[in-house]
Amino acid sequence: DAHLIRHETLYCLHRMSKFVTQVVNSRFKLISSANEVVQTSFSDSVEHGLTNASGRFLEPRFFYDAEGSQIFEEITQLQEYYPTRCEASILFEKHLEITRMFANVEEPIMVELGSGSSVKTKTLIKSILRQKGKLLYIPIDISETMLRESANQLLEEFPELKVVGVAAEYTQGLHILAEEYSDRIKLVLWLGSSIGNMLRTESVQFLSAVKKAMTPMDRLLIGMDLKKDTKILLAAYNDSLGVTARFNKNLLLRINEQLDANFDLDNWRHESIWNAQEGRIEMRLWSMKKQTVVIPKLNNLTLEFAAGESIHTENCHKYSQEDIDSTASKSGFEVDKQWFDKDGMFSLNLFEPLFSSS
């Protein structure tokens, strides 16, 4: 069933379109597509996933409605959930080493896949501004609203910062940058171990597309969660306070609210499992009894669930050193530098794009 689970960046369908630049003010420009980026709709995705013959699934990008985003913030604060804390600690301790690539660069550019008003992004912005006195920050996000919100917050906090927000799907946004800023040295950020949500073949495809938009002097800083004791991994995705369970079940709540379905949350149990063969945590919702669910807004779609049947909601792939090296080389990169938290739980990797000299 996993081969049908797709990360949001691979689920965006877009026509070749003209881009419109709005100058919001002297420090903030917004580049957006003249045509709306077309994504598979929530209803189509739910219908496709819940009727899939080889195993039911829901797309993880739909976790993040207002309620889901709020619950995820709670998850990042949990004692058991180490990735956010570990990655932030590496950035805090190693920011000078990470930004050393800008030592002889007069006007540094930092690009981020996703719009980052997070503490992690701010740590690097602060570091570069202290050293260079200026920075052009370019977040790429499918949501124009998120871009405006995070840009306004950052511009207020950092008076020397300039922001160009790109409202587009990641690879599309990167190609705009490749055209606009091909002569400038860029650090591209992909934090939060987002790569882990993709299948391994998908991550190689995606990174290969990212590389096409980079020049030999550019670098990609990518967060990758490491393989470790299964007990620690399972605890991180099955926390004792039940916050991850609330996060996972919120998907069913969203289907009830938006599509008038009658999922009874008490009949569903959250449990994440470790798939050793694939090297990943799988988040699943398990049916606790034989039950029927009807979804009126999908033409009264009627679903029969057996006791013990599951809906697969997310993959979180974990990486060994060998996995990191092979992901880099298959995508046309090599690992230039690496940093780890003090407990060796999480890695930040600086990928250098390789180009043939011919």
Go through it in stages, so that I can follow the logic: the residues are Phe340 and Phe346, the test is ring-ring contact (aromatic ring centres under 6.0 Å, His included), and I'd like the CA-CA distance, side-chain angles, deciding distance and then a yes or no. CA-CA 6 Å; Phe340 304 94; Phe346 197 92; 9.7 Å; no
Point to revise | From CA spacing to verdict: ring-ring contact (aromatic ring centres under 6.0 Å, His included), Phe63, Phe247 | key: CA-CA 7 Å; Phe63 277 133; Phe247 179 67; 4.3 Å; yes
Exercise for review: Decide yes or no on ring-ring contact (aromatic ring centres under 6.0 Å, His included) for Phe305 and Trp286, but give the supporting numbers first.
Suggested key: CA-CA 10 Å; Phe305 291 95; Trp286 302 81; over 10 Å; no
Let me see the working for Glu322 and Asp325 under side chain to side chain contact (heavy atoms under 4.5 Å, CB included), right down to the final yes or no. CA-CA 5 Å; Glu322 193 182 330; Asp325 292 337; 5.8 Å; no
_I'd like to know whether Ile140 forms a side chain to side chain contact (heavy atoms under 4.5 Å, CB included) with Gln172, so could you lay out the CA-CA distance, the side-chain angles of the two residues, the decisive distance to 0.1 Å, and finally the verdict._
CA-CA 9 Å; Ile140 302 172; Gln172 196 184 16; over 6 Å; no
Given the rule in the side-chain hydrogen bond (donor to acceptor under 3.5 Å, both in side chains) test, do Thr76 and Glu74 qualify, once you have shown the distances and angles that lead to the verdict?
-> CA-CA 5 Å; Thr76 65; Glu74 287 181 52; over 6 Å; no
Using the side chain to side chain contact (heavy atoms under 4.5 Å, CB included) rule, take Lys162 and Phe28 through it: C-alpha gap first, then chi angles, then the decisive distance, then the call.
CA-CA 6 Å; Lys162 288 190 173 173; Phe28 180 30; over 6 Å; no
Original post:
Stepwise, does the salt bridge (Lys or Arg N to Asp or Glu O under 4.0 Å) test hold for Lys337 with Glu352?
Top reply: CA-CA 9 Å; Lys337 293 188 178 68; Glu352 175 180 353; over 6 Å; no
Run Glu160 and Lys132 through salt bridge (Lys or Arg N to Asp or Glu O under 4.0 Å) and show every step you take. CA-CA 10 Å; Glu160 314 96 321; Lys132 312 303 293 189; over 6 Å; no
Inset, instruction - Could you check Gln338 against Val335 for side chain to side chain contact (heavy atoms under 4.5 Å, CB included), going step by step and ending with a plain yes or no? - result: CA-CA 7 Å; Gln338 264 187 321; Val335 182; 3.6 Å; yes
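Separating the OG atom in Ser347 from the CD atom in Gln321 is a distance of 7.5 Å, to the nearest 0.5 Å. Here Gln258 contributes atom CD and Ile295 contributes atom CD1; the two are 12.0 Å apart, rounded to the nearest 0.5 Å. Expressed to the nearest 0.5 Å, how far NZ of Lys126 lies from CG of Leu135 amounts to 13.5 Å. Rounded to the nearest 0.5 Å, atoms CG (Leu124) and CZ (Phe92) are 12.5 Å apart. The distance from the CE atom of Met224 to the CD atom of Glu87 is 11.5 Å, given to the nearest 0.5 Å. Here the CG-CZ distance, from Leu155 to Arg27, works out to 4.5 Å after rounding to the nearest 0.5 Å.
For the pair Asp225 (side chain) and Ser193 (backbone), a donor-acceptor distance under 3.5 Å is absent. Between the side chain of Asn238 and the main chain of Glu271, no donor-acceptor pair closer than 3.5 Å is present. When atom types are taken as modelled, the side chain of Lys134 and the backbone of Leu161 share no donor-acceptor pair closer than 3.5 angstrom. Judged by distance alone, with hydrogens and angles left aside, the side-chain atoms of Arg280 form no donor-acceptor pair with the main-chain N or O of Trp274 at under 3.5 Å. Ser45 places no side-chain N or O within donor-acceptor distance of the main-chain N or O of Phe42, the cut-off being under 3.5 Å. A donor-acceptor pair under 3.5 Å links the side-chain atoms of Asp239 to the main chain of Val243, judged by distance alone. Using modelled atom types, one side-chain atom of Asp341 and one backbone atom of Asp343 make a donor-acceptor pair closer than 3.5 Å. Judged by distance alone, the side chain of Asp336 and the main-chain N or O of Leu350 form no donor-acceptor pair under 3.5 Å. One N or O on the side chain of Gln131 and one on the backbone of Ser127 form a donor-acceptor pair closer than 3.5 Å. Between the side chain of Arg85 and the main chain of Leu78, a donor-acceptor pair closer than 3.5 Å is present.
Contact of the Ile195 side chain with the Phe206 side chain is not registered, since no non-hydrogen atoms from C-beta on lie closer than 4.5 Å. You'll find the side chain of Leu189 stays beyond 4.5 Å of the side chain of Val111, heavy atoms only. Between Met110 and Ile125 there is a side-chain heavy-atom pair separated by less than 4.5 Å. Contact check for Val188 versus Arg219: no side-chain heavy atoms found under the 4.5 Å cut-off. The closest side-chain heavy-atom distance from Ile311 to Leu251 is not below 4.5 Å. Side-chain contact between Leu174 and Leu113: present, with at least one pair of heavy atoms (C-beta onward) separated by less than 4.5 Å. Between Met345 and Lys228 there is a side-chain heavy-atom pair separated by less than 4.5 Å. Contact check for Thr292 versus Thr302: side-chain heavy atoms found under the 4.5 Å cut-off.
Around CD of Glu106, the count of heavy atoms belonging to other residues, nucleotides or ligands within 6.0 Å does not exceed 12. Atom CD of Glu334 has more than 12 heavy atoms from other residues, nucleotides or ligands within 6.0 Å. The 12-atom threshold is not exceeded at CG of Asn104, counting heavy atoms of other residues, nucleotides or ligands nearer than 6.0 Å. The environment of CG in Asn299 is sparse: at most 12 heavy-atom neighbours from other residues, nucleotides or ligands sit within 6.0 Å.
Residue Val105 is grouped with residue Tyr137 when hydrophobic side chains (ILVMFWY) are merged at heavy-atom distances under 4.5 angstrom, including chains of intermediate members. Leu207 and Leu354 end up in different hydrophobic clusters when Ile, Leu, Val, Met, Phe, Trp and Tyr side chains are linked at under 4.5 Å. Cluster membership for Leu259 and Leu303, using ILVMFWY side-chain heavy atoms within less than 4.5 angstrom, is shared. In the hydrophobic cluster analysis, where Ile, Leu, Val, Met, Phe, Trp and Tyr join through side-chain heavy atoms closer than 4.5 angstrom, Leu191 is grouped together with Trp339.
For the 3.5 Å distance criterion, the side chains of Ser287 and Gln291 qualify, holding a donor opposite an acceptor. Checking Ser69 against Glu67 by side-chain atom types alone, no donor-acceptor pair falls below 3.5 Å. In this model, no donor atom of one side chain and acceptor atom of the other lie less than 3.5 Å apart for Ser194 and Asn197. Side chain to side chain, Ser240 and Glu80 meet the donor-acceptor criterion of an N or O pair below 3.5 Å.
Aromatic ring pairs are classed by plane angle as parallel below 30°, tilted from 30° to 60° and perpendicular above 60°; the pair Tyr237 and Tyr81 is perpendicular. Taking the six-membered ring where tryptophan is involved, the planes of His48 and Phe57 are perpendicular, since the angle between them exceeds 60° and thus also 30°.
A salt bridge does not link Arg200 to Glu278: none of the charged side-chain nitrogens sits closer than 4.0 Å to a carboxylate oxygen. A salt bridge between Asp323 and Lys318 is absent, with no side-chain N of the basic residue lying under 4.0 Å from a carboxylate O of the acidic one.
Aromatic pair Phe351/Trp190: centroids not less than 6.0 angstrom apart.
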